[in-house]
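Only one structure is covered here, and it is reproduced in the block below.
The structure presented is a predicted model; accordingly, all values stated were derived computationally and were not measured.
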Amino acid sequence: MSDANVRIPEEAKERLAAIAAAEGLSLRAYLARLADTLLTPDERAARAEEARAALERWNGYAPTAVEEQDLDSELDRRLARAAAR
């Protein structure tokens, strides 16, 4: 595996290095672990589609696009209400 140089603000580098050190890792190891635990937008979309397909097979759950939008709006409303507390 080849290394890459990434330019970030010094403050961000220092913060990440401190977080890594607190976990007993080097900054390099911490960033590699972080990259292994996060999903790209395409990976998230694929997992969401797999979950939708599994729900449909399991119990017939197959909301329309309008129903999904309504559910998303309701979730957003509830999250906003909870955040305001």
First locate atom [atom1] of [X], then atom [atom2] of [Y], and finally report the distance between them rounded to the nearest 0.5 Å.
| X | Y | atom1 | atom2 | answer |
| --- | --- | --- | --- | --- |
| Arg33 | Asp36 | CZ | CG | 10.0 Å |
| Leu34 | Leu25 | CG | CG | 11.0 Å |
| Tyr61 | Leu55 | OH | CG | 7.5 Å |

Within-4.5 Å side-chain heavy-atom neighbours: Asp3 and Arg28: yes
Pairs meeting criterion salt bridge (Lys or Arg N to Asp or Glu O under 4.0 Å) with involvement of residues 51-62, two or more places apart: Glu49-Arg52
Nearest non-hydrogen partners of Leu39 and Arg44, listed with the distance: O-NH1, 2.8 Å
Hydrophobic cluster identity match, Val66 and Leu75, side-chain contacts under 4.5 Å: no
Whether Glu68 side chain and Ala65 backbone form a donor-acceptor pair below 3.5 Å: no
Only distances under 3.5 Å count here; give the side-chain donor-acceptor pairs of residues 8-20 to other protein atoms, sequence neighbours excluded, each with its distance to 0.1 Å.
none

Residue list, salt bridge (Lys or Arg N to Asp or Glu O under 4.0 Å) with Arg78, at least two apart or on another chain: Glu74
